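Following: one structure in structure tokens, then a few remarks.
Side chains are part of it too, since the values below use all heavy atoms of this structure and drop only hydrogens, waters and symmetry mates. By convention in this document, chain letters (A, B, ...) are assigned in the order of the sequence lines, proteins followed by strands, and residues within each chain are numbered from 1. Just so we're clear, the structure is a prediction, and the values are computed from it rather than from any experiment.
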Protein chains: 2
Amino acid sequence: MGGGEGKVTARKISGDARAEGAGQGGAKSVSAKDVAALAGVSRAAVSRTFTPGASVSAETRRKVLEAADALGYQVNHLARGLTRQQTGIVALIVAKLATPYRSAMVQALTGKLQAAGKVAMIINTDQEEATVELALRQALSYRADAAVILSGMPDRSIADLCHRNGQRLVLINRDDSLPGSIQLRVNDAQAGRMALLAFLRAGCRRLAVATSCDDTPSLLARERSFLEEARTLGLDVQCERFGASGYDSGLALGERLLVRPERPDAVFCTTDLIACGVMDAARQRFGLSIPADLSVIGFDDIPQAGWEAYQLTTFTQPIEETASAAVDWIARGENGDVPCRVDLTATMRWRRSVRARQAEAAPAG
Amino acid sequence: MGGGEGKVTARKISGDARAEGAGQGGAKSVSAKDVAALAGVSRAAVSRTFTPGASVSAETRRKVLEAADALGYQVNHLARGLTRQQTGIVALIVAKLATPYRSAMVQALTGKLQAAGKVAMIINTDQEEATVELALRQALSYRADAAVILSGMPDRSIADLCHRNGQRLVLINRDDSLPGSIQLRVNDAQAGRMALLAFLRAGCRRLAVATSCDDTPSLLARERSFLEEARTLGLDVQCERFGASGYDSGLALGERLLVRPERPDAVFCTTDLIACGVMDAARQRFGLSIPADLSVIGFDDIPQAGWEAYQLTTFTQPIEETASAAVDWIARGENGDVPCRVDLTATMRWRRSVRARQAEAAPAG
DNA sequence: CTGAAAGCGCTTACAG
DNA sequence: CTGAAAGCGCTTACAG
């Protein structure tokens, strides 16, 4: 399964002797018992030394710490998790992790989780389908205190299972709300409307939206709100939908849209990646110039949107805020039978892909 | 710490009752004992049912499975890890996860780990410095079977601690070799030489390299090999070094290089991100055209290198192969007192940022 | 094939 | 403050 082109050459390195320490194979690690023995105290004493707020005398503590250090002792969080009611593990369930937006979110989440004394376990759902359920079961197996769902949507029964087992759920931009979970949402719908208005103010009249076939709640909300606002204003919008929401789809979408007789002069892309593709198609394949011939607005504000070659006007995802809200809720650990919802806002980031406001253009002929 | 601009509005959702199941707070999850009771068998029987290859009669197995399903039982991997000598957890130690190359590696690693029945725990070392050691200690706390180091380099003493505790180390593009570890390396040095030769064949004569101040082994090897090969051939190379290895540094590096009186006609960038920055600086700030006025070669083959706006000639990192090699070694679980090394190769990917071969140019005046 | 029992490494009332 | 003991949920020889 791992094949590919890079040639692999393995060889043993002779040198370097073996580590001084313990023998062969899966070495047993040092336990509290060992430390207790060396320090001349009880196992309980060493446990207390490593439990913030437990009562140990300074002297005992010193002896324990010394012995622990000498032995290289680390408290075993697995065993601790078995005893206490929580493990400190939080599962991040995610597909297509290498995408700019996703990886930024995962970076923020792992960093903040760490700062809060938790640790992230990542469960990759790229593989087979219908795996959100499997992922959640795996999280359950490791007794994760919580699971953060970045991709896919668990159905009710598995969510209930999590809830029954005390595993809390945070749903990022998913639409259902589930018992014992928190739902983090961004203002996708508002963004769609703002994009439309921005185009109109710029004097654009041949409107289009480019989106993918991934029907995530966010993408749908962006698309629909743009369309609805247009309908309200009695405007026509050409809508093209294709593939996954990546750069390549953007390229294809750009081609399809720009080849039309009624060539759009503005396109709202539900994703920055799509927008970059659309821009490249416009420039390289149609010789168009942006924003003079075509205005583009994206969503996400991935790093590439700010690159000189794009300078894309877009909506910046509140990644830090989202991650903070998730981690705070997890760390707070309230009983959470009542579903909770937090609304975050993606704010518009003006760059140079929308032409400057200009007088109402005469209807293009 | 998590502040920022997005406005946050939280509110409770009233509806939806509470889940039918267990009561308030950190619900206790169902254990093998519960299943055993319901199925009318011993705890050992349920354990065996979930242990591949253990001996259970079909009838017992059926009863157990039925009860387990009814109760929503999941074996507790933490408890299992306590008993068996391994937990199935592998720690990924990484900084700057949101970078294209890093996130692709993490995606590959998590996917393959999962396929091999392991699970990835990610330890983010963005925060404070000197945290590789802390990260490794955390991995030890969770009794990770292995730790994969993508960023930073642990010093000898902590590596020994890992080894003594039976935690195996995989080092991706780090230069030291450590006991009980595997070292995965890519042919950076060869790449540097190939890049130089490619420029020469294209007729470029005013050579430069653009790199960052991150002194990772890989970056250094790429830079040095390019420089040395040039020296061997008696050629001069302008070398510019700046910041971290991202797009912004590339922009700055491009400016610094292109403003020089002896303007380079070829620049080898130790990273694709830097290359994209250099290309944008060349085009947008100097009105240069690529490859006519300037040839560029990068390294990594991140997705953006293939975007129409760049079409960057680069070296593609053997990400899948690297991840496979790492996971195979981890899964194999050999005793590993002897350090092991695997050499992978990044192959050159020709695109359009190097001008076509041309007759030896008359020495530019 | 199956169950009783010991053990993995920790924590936490419970006495002192 | 401190230790002995029970318990967290599982697995694995050991007998049967």
Side-chain angles (χ1 to χ4, degrees), chain A residues 26-65 67-68 71-89 140-145 165-167, chain B residues 26-65 67-68 71-89 140-145 165-167:
Chain A
K28 286 190 79 150
S29 49
V30 13
S31 79
K33 188 168 53 169
D34 305 321
V35 177
L38 180 57
V41 299
S42 70
R43 287 211 262 334
V46 1
S47 178
R48 291 191 183 103
T49 299
F50 291 102
T51 300
S55 57
V56 231
S57 68
E59 173 59 4
T60 303
R61 166 181 222 84
R62 191 191 55 70
K63 286 191 292 190
V64 169
L65 254 18
L71 261 29
Y73 173 70
Q74 272 322 111
V75 353
N76 183 333
H77 271 68
L78 264 34
R80 172 178 279 182
L82 211 51
T83 306
R84 302 232 244 253
Q85 211 43 248
Q86 35 165 303
T87 58
I89 297 175
L140 243 19
S141 297
Y142 282 97
R143 295 302 185 264
D145 296 336
N165 285 298
Q167 180 172 277
Chain B
K28 286 189 78 151
S29 49
V30 12
S31 78
K33 188 168 54 171
D34 304 322
V35 178
L38 180 57
V41 300
S42 69
R43 286 210 263 337
V46 3
S47 176
R48 290 192 182 101
T49 299
F50 291 101
T51 300
S55 57
V56 231
S57 68
E59 173 59 3
T60 304
R61 162 180 224 87
R62 191 191 55 70
K63 285 191 294 192
V64 169
L65 255 16
L71 262 29
Y73 173 70
Q74 271 323 111
V75 353
N76 182 333
H77 271 65
L78 264 33
R80 172 179 279 183
L82 212 52
T83 305
R84 302 232 245 252
Q85 211 42 248
Q86 35 165 301
T87 57
I89 297 176
L140 243 19
S141 297
Y142 282 98
R143 295 302 185 263
D145 296 336
N165 285 300
Q167 180 172 278

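With D/dC10, C/dC10, D/dT12 as the choices, the nucleotide that has an atom nearest any side-chain atom of A/Arg143 turns out to be D/dC10. Distance from the side chain of B/Ala79 is smallest for D/dC10 among the nucleotides C/dT11, D/dC10, C/dG9. When each of C/dC10, C/dG7, C/dT2 is scored by its nearest atom to the side-chain atoms of A/Val75, the top-ranked nucleotide is C/dC10. Candidate nucleotides D/dC1, C/dT12, D/dG3 were compared by shortest atom distance to the side chain of A/Ala45, and D/dG3 ranks first. Taking the side chain of B/Arg48 as heavy atoms from C-beta on, and the options C/dC8, C/dG3, D/dT11, the nearest nucleotide is C/dG3. The nucleotide whose nearest atom lies closest to any side-chain atom of A/Ser42 is, among C/dA4, C/dT12, D/dA4, D/dA4. Picking from D/dG3, C/dT11, D/dC10 the nucleotide with the shortest atom distance to the side chain of A/Val41 gives D/dG3. Nearest to the side chain of A/Ser47, among C/dC10, C/dT11, D/dC10, sits C/dT11. Comparing atom distances between the A/Thr60 side chain and each of D/dT2, C/dG9, C/dA4 picks out D/dT2 as nearest.
Side-chain atoms of B/Thr83 come within donor-acceptor range of the base of D/dC10, with a qualifying N/O pair under 3.5 Å. Between the base of D/dC1 and the side chain of A/Ser57 there is no donor-acceptor pair shorter than 3.5 Å.
For A/Ser55 against A/Arg48, the heavy-atom pair with the smallest separation is O-CD, 3.6 Å.
The C1' atoms of D/dT12 and D/dG16 are separated by 16 Å, rounded to the nearest whole Å. With both ends at atom P, the span from D/dA6 to D/dT2 equals 22 Å, rounded to whole Å.
Atom CZ in A/Arg43 sits roughly 10 Å away from atom P in C/dC10 (whole-Å rounding). The interatomic distance linking B/Asp34 (CG) with D/dC10 (P) rounds to 9 Å, in whole Å. In this structure, CG of A/Leu78 is placed 14 Å from P of D/dG9, rounded to the nearest angstrom.
Across all strands shown, D/dA15 is found opposite C/dT2 as a Watson-Crick or G-U wobble partner, with both distances under 3.5 Å.
In this structure the side chain of A/Leu65 reaches within 4.5 angstrom of the side chain of A/Phe50, judged on heavy atoms. Within the 4.5 Å cutoff, the side chain of B/Thr51 has no heavy atoms near those of the B/Val75 side chain.
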